[in-house]
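By convention in this document, chain letters (A, B, ...) are assigned in the order of the sequence lines, proteins followed by strands, and residues within each chain are numbered from 1.
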Amino acid sequence: MSARLLVRARRRLDSFQLDVDFEAGSETFVLFGASGAGKSSTLNAIAGLLHPDEGEITLDGEMLFRRELGGARVNLATRQRGVGYVFQNYALFPHLNAADNIGFAVRRQPRAAQQVEKMLERMHLSHLGKHYPHELSGGQQQRVAIARALAHRPRLLLLDEPFAALDQPLKERLQVELLQLRRELDLVVLYVTHNLDDAFAMGDRIAVLQEGRVLQRGRPEDVLAEPADSDVAQIMGIRNIFHARVTARSPEGVQFDWDGITLQAGDEASVDTGEWATLYIVPEEVKIIYPDVPLSDTVSHNVVDAEVNGYQRAATHHSLRAKVSNGAIVETRFAPSAYSELDLKAGAPLRLALRPAGIRVLRQRRGKRR
Amino acid sequence: MSARLLVRARRRLDSFQLDVDFEAGSETFVLFGASGAGKSSTLNAIAGLLHPDEGEITLDGEMLFRRELGGARVNLATRQRGVGYVFQNYALFPHLNAADNIGFAVRRQPRAAQQVEKMLERMHLSHLGKHYPHELSGGQQQRVAIARALAHRPRLLLLDEPFAALDQPLKERLQVELLQLRRELDLVVLYVTHNLDDAFAMGDRIAVLQEGRVLQRGRPEDVLAEPADSDVAQIMGIRNIFHARVTARSPEGVQFDWDGITLQAGDEASVDTGEWATLYIVPEEVKIIYPDVPLSDTVSHNVVDAEVNGYQRAATHHSLRAKVSNGAIVETRFAPSAYSELDLKAGAPLRLALRPAGIRVLRQRRGKRR
Amino acid sequence: ACSPAEERASDPLLLVSAASSLSRVLQQIRVDFETTTADRVVFNFGSSGSLTQQIRHGATVDVFASASQQYLDELRHEGHLADTGLTLHGRLVVWTPPDEEPVATVDELTALRFRRIALAHTKLAPYGRAAIEALQSSHVLTQVEPRLVQAPDVLTALRYAESGSADAALTALSLVGDTDGRWYTVPADLHLKVQLGIAVATGSPRAQQARRFVDHLSTPAAVSIFEANGLFLTTAQTAL
Amino acid sequence: MWAPLLLSLQVTVAATLLIICIGGGLAVWLARREPRGRALIETAIHLPLVLPPSVVGYYLLIVLGRRGPVSTWLEWDLLFSWPAAVIAATVVGMPLMFQASRAAIASVNPDLEQVARTLGASELGVLWRVTLPLARRGVIAGVVLSATRALGEFGATLMVAGNIPGRTQTLPLAIYDAVQSNDTDLANAMVLLMTAVGFVSLWWVRRFDIGPRPQRSGTPV
Amino acid sequence: MWAPLLLSLQVTVAATLLIICIGGGLAVWLARREPRGRALIETAIHLPLVLPPSVVGYYLLIVLGRRGPVSTWLEWDLLFSWPAAVIAATVVGMPLMFQASRAAIASVNPDLEQVARTLGASELGVLWRVTLPLARRGVIAGVVLSATRALGEFGATLMVAGNIPGRTQTLPLAIYDAVQSNDTDLANAMVLLMTAVGFVSLWWVRRFDIGPRPQRSGTPV
Ligand SMILES: Nc1ncnc2c1ncn2[C@@H]1O[C@H](COP(=O)(O)OP(=O)(O)OP(=O)(O)O)[C@@H](O)[C@H]1O
Ligand SMILES: Nc1ncnc2c1ncn2[C@@H]1O[C@H](COP(=O)(O)OP(=O)(O)OP(=O)(O)O)[C@@H](O)[C@H]1O
Ligand SMILES: [Mg+2]
Ligand SMILES: [Mg+2]
């Protein structure tokens with residue numbers, strides 16, 4: 001039988017209510033959500049470190065936990081659950097050096113020393129086996145924690161932001177190794193992250209969490225392409241989400257009234273005239289119009305007046321936030337070299353073209369207005 | 001006088017040797033480097049938690065530390081250095097709740113309660129003031145640590161991966177706030193990160209660290225555009241770095257012999273025929289050639305045979321690693337939707353076009369061969 | 001109001017340091033004494049050795065009642081005690097618990113039913129020394145020696161037997177009066193006299209009252225209380 | 001029965017305060033430092049624990065006695081007064097406070113002390129607001145142990161303070177007297193009283209012991 | 001002087017082992033749990049600390065005596081033998097071990113115990129490989145305190161073991177005798193010997209105390 005994890009758990013923590021429900025097979029299943037969404041609490045429940053008020057957790061058909069009105073109670077001890085857990089704060093044993101931390105579970109096994117040696121190597125820590133946790137850098141500590149969980153050979157691997165303290169090249173290498181290992185050992189891996197790229201790189205499927213609940217599950221591409229509602233869209237990093245009313249439909253697309261601005265969208269969304277819709281504008285498709293250059297064809301639609309509100313740089317793009325005439329803030333993204341001649345200080349006036357191809361409608365169930 | 005921090009410190013830690021040297025003004029100065037590069041150790045030295053074997057640290061003209069052959073020794077107590085330090089592991093006081101952690105330094109000041117309240121609000125933690133650290137999520141703990149350091153009103157802010165546990169939207173908001181605050185208070189901010197986008201978003205200037213040494217300093221865009229050597233290039237996330245020999249120069253560009261493959265580069269690098277050069281290929285400019293479609297103009301140069309070596313997904317792009325005929329691994333990047341018809345399983349043969357415009361030469365001092 | 005020492009010096013209470021084994025009899029005499037005079041007495045009970053050390057190192061007491069004449073002599077020699085005082089002697093008894101057949105001679109202690117025989121410290125306590133002598137004079141010491149259990153003082157020796165931890169105790173007649181058990185008084189000629197002494201301290205800030213108290217101890221009323229408790233007056237050196 | 005109890009409480013409170021100050025101070029001093037002769041200092045502190053209390057009392061007698069330094073230099077005649085009982089209880093209870101709280105203080109995560117320093121706390125502030133709260137349990141254990149030891153102190157007290165009813169007779173001494181004079185009922189009553197005092201104070205002190213939170217700053221579990 | 005020393009060491013070692021097992025076990029049990037009547041249990045453990053040792057000895061005498069349960073049910077006649085001294089020392093030293101190690105065990109970061117459980121450690125394994133090593137300092141403090149207390153135990157021992165030279169006369173009893181008989185030289189010599197024993201054992205135990213590393217898993221500082 002293939003590996004399979006079922007989780008249904010409800011737990012009140014003060015003012016926070018955890019109420020999650022998902023299943024994962026032999027795959028990397030990503031728990032994605034903002035800070036405080038309940039990701040770590042979910043892992044704790046699965047590991048048996050947090051007892052749900054109600055719920056059921058099974059792994060490969062074996063009941064790990066069950067507590068329900070009228071049902072028999074089950075609560076398998078943590079050590080019998082066969083999980084490997086990388087804590088968000090690592091929780092390394094301060095009295096053991098790196099090698100002994102990793103060897104904690106396997107110490108008694110034959111060839112334990114070699115196993116530990118191999119793990120250290122895998123984590124690029126060979127020279128640091130004798131270091132105690134407080135003699136390791138943050139990223140080195142994190143790798144020891146990963147190695148320790150792996151060495152235990154679990155059925156189910158719980159990773160709480162396991163690469164958050166690692167640099168990009170190292171992270172990528174370890175991610176590849178982890179995926180390989182997962183396949184070899186047919187593990188269920190739960191992977192907590194709030195980095196979208198990591199979610200895509202690792203996740204066969206993803207669950208989007210907010211305030212303790214699972215908002216949407218699915219393949220990462222699918223969730224990004226069709227977020228269930230504007231909350232999911234926002235969590236998935238989609239920018240420029242707005243509500244607008246459909247004023248007309250034509251073969252070329254839909255026309256919206258967006259708080260006083262008329263928008264022409266290329267999207268052939270199945271929305272009817274008069275309805276409210278949630279739409280988003282892809283920031284790369286928002287262009288800044290050079291004031292003294294005649295409008296080219298590509299930027300001749302949806303031209304709005306705006307005012308610079310903020311400017312941010314990243315390695316491969318810059319982004320600018322502008323307040324458009326109806327008061328909304330629109331983000332635009334472009335190559336670092338673009339628009340360098342323009343004056344983009346906060347408050348400077350400018351004109352934006354919101355290209356129709358970049359205006360998409362969220363295919364959502366009747367959304368709440370925000 | 002404008003704020004100014006000078007750091008020169010040397011310290012042996014077991015097999016690791018810290019040997020840093022940089023200065024920062026009223027700006028956000030990013031310490032960038034791989035795991036174990038010595039970033040945290042550098043901050044510790046500045047805060048007075050690690051004593052250099054030799055060196056000198058001054059802040060706004062005041063000597064914080066000095067220890068030199070034949071010089072008078074200075075070692076200002078940590079509490080007099082006026083630093084605010086966000087530890088990589090947060091180091092929250094477990095016996096104090098969030099509000100009391102934040103108020104630790106200001107407790108006695110008038111209006112301390114309001115100050116704390118405001119800080120909690122700023123960090124989006126208003127409802128969690130009464131929670132103890134172990135009742136907070138990882139990201140919430142991290143924000144408490146940031147608020148605590150800020151509330152102290154330091155002259156110099158040391159941030160050790162301060163947003164590593166936060167989701168993207170929250171991180172961006174806090175980054176903007178932090179930059180504002182820095183400007184208002186005219187602080188020197190040292191910002192440790194290994195996330196390139198963060199380095200660009202926050203860093204007025206950046207220092208690239210490796211094995212305890214500063215390899216290069218400068219504006220992030222400049223360092224990325226002109227990395228001092230292939231190590232820096234690699235740390236800055238530049239892919240496909242290779243060594244090749246210049247075989248010819250022509251008005252259109254340079255021709256290289258890359259371990260048996262002839263490469264045409266668009267770059268007008270100042271390299272002479274016969275010289276060795278370090279070059280890199282921008283992964284976005286590597287195109288996969290559809291086997292049955294005639295070569296278009298854009299992909300007619302530098303066509304090489306290759307074999308799929310790995311495939312990785314991210315949110316906004318996918319990337320493929322291919323082993324080309326001379327044995328090198330070349331990474332290519334493309335939109336998630338591209339090439340979906342192709343069979344890109346590991347081992348599948350394919351042809352790549354390395355567009356001349358994407359082949360750049362590192363302007364470096366005589367580099368070591370790797 | 002001032003230093004503790006001055007406070008104590010001006011305190012009208014007469015402080016009598018006394019061996020714990022004398023506590024019963026001295027309490028009775030105090031009642032008698034306090035009905036005849038206006039003086040008030042307070043006791044400081046302890047082991048004679050400790051009390052001796054206290055006096056030696058300058059503790060302010062008015063009267064010292066030692067379970068061992070030897071300590072008294074030492075202190076007197078060192079000048080801590082005045083000549084005023086009296087000497088008593090006690091009687092050694094073989095005490096047996098109520099459920100045990102009492103003995104009629106010391107020899108009977110060789111009987112095997114006496115698996116453990118408690119006695120006081122054989123070097124420091126006069127009753128302990130006397131017990132050894134009595135056993136020796138009865139020619140049974142070598143036989144019973146392995147069965148002897150040495151308690152720190154006569155009181156504890158009695159407790160051992162009372163609690164059933166020992167089958168018999170060689171203890172003081174002065175202690176057994178109110179016990180349930182039975183006892184055999186060892187003939188006085190089997191051991192050297194067990195001498196107890198009471199004397200006035202030279203450092204006493206209430207020398208007058210102290211002497212009055214010591215004098216009272218040799219009055220017929222006090223002597224009869226002593227005798228009722230198994231203690232007998234040997235000599236008395238009165239103050240006047 | 002009540003006079004000895006009150007005196008005992010008075011002596012215990014005074015001794016405990018002294019023990020907390022001196023023993024706690026020594027513990028703080030020696031928790032992280034390694035002064036030369038540290039082992040000697042520690043042995044000296046522990047000595048009253050290995051010696052029979054009455055022998056400790058004997059040495060105290062010499063120190064406090066008429067020819068001792070306290071009497072000749074300070075002109076304090078403390079023998080047979082309740083302060084002498086306080087001194088005896090202090091000396092005998094000290095090692096308990098010292099050892100238990102030193103261990104706890106040495107176990108505090110130094111990072112947390114460091115971060116307090118970066119926040120401008122003085123060394124005293126660090127001690128008071130970080131180290132001691134985090135070492136709370138061990139320090140309280142030390143206080144409990146030394147206070148109960150002080151409450152039960154007997155041998156050394158008997159030696160230097162005497163056993164004078166109404167003046168220096170503490171509850172343990174009264175119990176001893178009662179046992180000696182075979183007054184089992186009184187003895188048992190006073191033992192019960194002692195037990196009650198112990199129970200109440202343990203119960204009271206436990207509230208601090210549990211404290212607000214466990215010592216960690218981890219992820220919720 | 002040498003016979004009492006050897007006997008003292010023998011008694012101390014045996015008592016310390018008992019204390020570690022029983023006191024340590026109770027500490028582990030009560031460190032994290034709140035069974036009903038916990039305060040009562042703790043009071044009972046602490047009782048020997050608040051009572052004068054000789055009174056403890058008196059009660060032990062009753063328990064161990066010929067009419068007590070140990071003698072009548074178990075048919076063990078322990079009085080006036082060295083095992084009785086061991087029992088006296090154990091009872092008197094127990095609260096020190098209990099209190100000091102309970103505090104240390106309760107202060108261990110529960111996350112670390114949890115992570116050990118996820119790594120398949122049994123409860124005993126967690127205790128042995130995580131909790132105790134991390135509570136090391138406090139546990140050692142407890143052992144040191146109770147061992148030295150056992151070494152110096154006098155009042156209760158005197159009561160139940162007697163003071164039989166060569167058989168049950170431990171070093172403290174010998175010192176007491178010497179002091180009582182005003183043999184100052186012998187007393188001082190034996191006190192010096194006691195001090196030396198204390199010094200050597202403290203010095204020896206300190207090696208474990210310092211241990212490999214401070215208790216934290218933080219960034220290097
Ligand atoms: N013991 C507790 N008592 C009260 N509230 C708690 C407790 N533990 C957690 N919480 C709350 O539960 C919520 C979820 O916490 P959790 O650690 O699961 O978040 P998370 O998704 O892992 O966040 P992060 O990405 O910041 O680590 C948080 O708001 C936190 O404050
Ligand atoms: N006390 C110590 N003893 C020995 N080596 C140490 C000690 N402290 C740190 N090191 C070593 O020094 C190097 C630098 O550590 P540092 O914490 O400064 O790295 P870092 O750049 O902050 O890395 P990361 O991004 O992983 O946090 C590491 O290799 C670490 O193992
Ligand atoms: Mg978390
Ligand atoms: Mg670091």
Asks: Which atoms of Ser50(C) come close to chain D, meaning under 4.5 Å heavy atom to heavy atom: side chain ones, backbone ones, both, or neither?
Replies: both
Asks: Are side-chain N/O atoms of Thr96(C) and Trp183(C) paired as donor and acceptor at under 3.5 Å?
Replies: no
Asks: If we define contacts as heavy-atom pairs under 4.5 Å, which of His57(C), Arg24(C), Glu162(C) has the most with chain D?
Replies: His57(C)
Asks: At what distance, to the nearest 0.5 angstrom, does CG of Leu173(C) lie from OG1 of Thr185(C)?
Replies: 5.0 Å
Asks: Can you tell which part of Gln27(C) gets under 4.5 Å to a heavy atom of chain D, answering side chain, backbone, both or neither?
Replies: neither
Asks: Of the backbone (N, CA, C, O) and the side chain (C-beta and beyond), which part of Phe43(C) lies under 4.5 Å from a heavy atom of chain D, both, or neither?
Replies: backbone
Asks: What's the spacing between Arg206(C) CZ and Asp62(C) CG if we round to 0.5 Å?
Replies: 4.0 Å
Asks: Quick one: does Val200(C)'s side chain get under 4.5 Å of Leu81(C)'s, heavy atoms only?
Replies: no
Asks: Given a strict heavy-atom distance threshold of 4.5 Å, which part of Val61(C) is in contact with chain D: side chain, backbone, both, or neither?
Replies: side chain
Asks: Tell me if the aromatic rings of Phe226(C) and Phe232(C) count as close, with their centers under 6.0 Å from one another.
Replies: no
Asks: Which one wins on heavy-atom pair count under 4.5 Å against chain D: Gln53(C), Arg159(C), Arg56(C)?
Replies: Arg159(C)
Asks: To the closest 0.5 Å, what do you measure between CG (Leu119(C)) and OG1 (Thr171(C))?
Replies: 9.5 Å
Asks: Among Pro165(D), Ala84(D), Gly57(D), Gly65(D), which has the most heavy-atom pairs under 4.5 Å with chain C?
Replies: Pro165(D)
